[in-house]
Participant: 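I am attaching a structure below and will ask some questions about it afterwards.
Computed over heavy atoms, backbone and side chain alike; hydrogens, waters and symmetry mates excluded. Quick caveat, the model's predicted, so the values are computed rather than measured. Every chain is numbered from 1 and lettered A, B, ... according to where its sequence line falls, protein lines coming before strand lines.
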Amino acid sequence: MTQADYLAKFWMVIAHIPKGKVATYGDVAAMAGYPRMARAVGRCLKNLPEDSNLPWHRVLNAKGMLSFPQDSAKYRQQRQLLEAEGVLFQQHKIALARHRWRG
DNA sequence: TGAGTGACTGTCC
DNA sequence: CGGACAGCCACTC
């Protein structure tokens, strides 16, 4: 197993998250077959090129919150993309129970 | 070479 | 509900 192996799997899992649904970093890692590799998922997204068509905005942390400072451009961008798909925010949190994707 | 860091998490107070 | 903590692993000094 190499780094490229799970990065590729994370990519695939994320690509399969349905519109209007979300998954946590841990979920993505587990679905890809690498439980406890949440951080690796984060790294994966961090390295994503701007022009990738990966729905990276559907991935959030276990608290149901975005992993960016709330006053950052990234936060606003991700939140807008999610709301555009019908994902509801309660203050700064998402109703995970309602939108969490079960592969 | 080793310590610090980070788009993280589950468990245990 | 929140805070501390130990796993986790590639990357950067």
Participant: Rounding to the closest angstrom, what is the interatomic distance between dG4(B) and dC5(C) at atom P?
Facilitator: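 Taking atom P in both dG4(B) and dC5(C), they lie 16 Å apart.
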Participant: How close do S67(A) and N61(A) get, counting heavy atoms only, and between which atoms?
Facilitator: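 Smallest interatomic distance, heavy atoms only, reads OG-ND2, 3.4 Å.
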Participant: Of the nucleotides dG6(B), dT9(B), dC9(C), which has the atom closest to the R39(A) side chain?
Facilitator: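 Out of dG6(B), dT9(B), dC9(C), the nucleotide with an atom closest to R39(A)'s side chain is dG6(B).
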Participant: Take atom P in dA7(B) and the same atom in dG7(C), then report the distance between them in whole Å.
Facilitator: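 Roughly 23 Å separates the two P atoms.
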Participant: Decide side-chain contact (heavy atoms from CB on, under 4.5 Å) for W11(A) and L54(A); before the verdict, give the C-alpha distance in whole Å, the side-chain angles of both, and the deciding distance to 0.1 Å.
Facilitator: CA-CA 8 Å; W11(A) 183 288; L54(A) 208 67; 3.6 Å; yes
Participant: Here's a test of your reading of the structure: between N47(A) and R36(A), which maps to the more 5' nucleotide of DNA chain C?
Facilitator: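 Looking at DNA chain C, the more 5' nearest nucleotide goes with R36(A).
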Participant: Decide if atom CD of Q70(A) counts as having more than 12 heavy atoms of other residues, nucleotides or ligands within a radius under 6.0 Å.
Facilitator: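 Yes - once you tally the heavy atoms of other residues, nucleotides and ligands closer than 6.0 Å, there are more than 12.
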Participant: Does dG6(B) have its OP1 or OP2 closer than 4.0 Å to a side-chain nitrogen or oxygen of S67(A)?
Facilitator: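 False: S67(A) side-chain N/O out of range (4.0 Å or more) of dG6(B) OP1/OP2.
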Participant: Could a donor-acceptor pair under 3.5 angstrom be found where the side chain of R43(A) meets the base of dC11(C)?
Facilitator: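 In this structure, the two groups form no donor-acceptor pair.
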Participant: Please determine if a side-chain N or O atom of Y25(A) lies less than 4.0 Å away from the OP1 or OP2 oxygen of dC8(C).
Facilitator: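 Answer is no, no contact under 4.0 Å.
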Participant: Taking CD from Q77(A) and P from dA7(B), how many angstroms apart are they, rounded to a whole number?
Facilitator: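 So the two atoms are 16 Å apart, to the nearest Å.
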Participant: Of the candidate nucleotides dA7(B), dA10(C), dT9(B), which contains the atom at the shortest distance from the side chain of Q3(A)?
Facilitator: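 So the nucleotide nearest the side chain must be dA10(C).
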Participant: Over all heavy atoms of both residues, which pair between E85(A) and K19(A) is shortest? Give the atoms and the distance, please.
Facilitator: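 It is CD-CG, 3.7 Å.
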Participant: So what does A40(A) touch, heavy atoms closer than 4.0 Å: a base, only the sugar-phosphate, or nothing?
Facilitator: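 A40(A): no heavy atom of the nucleic acid under 4.0 Å.
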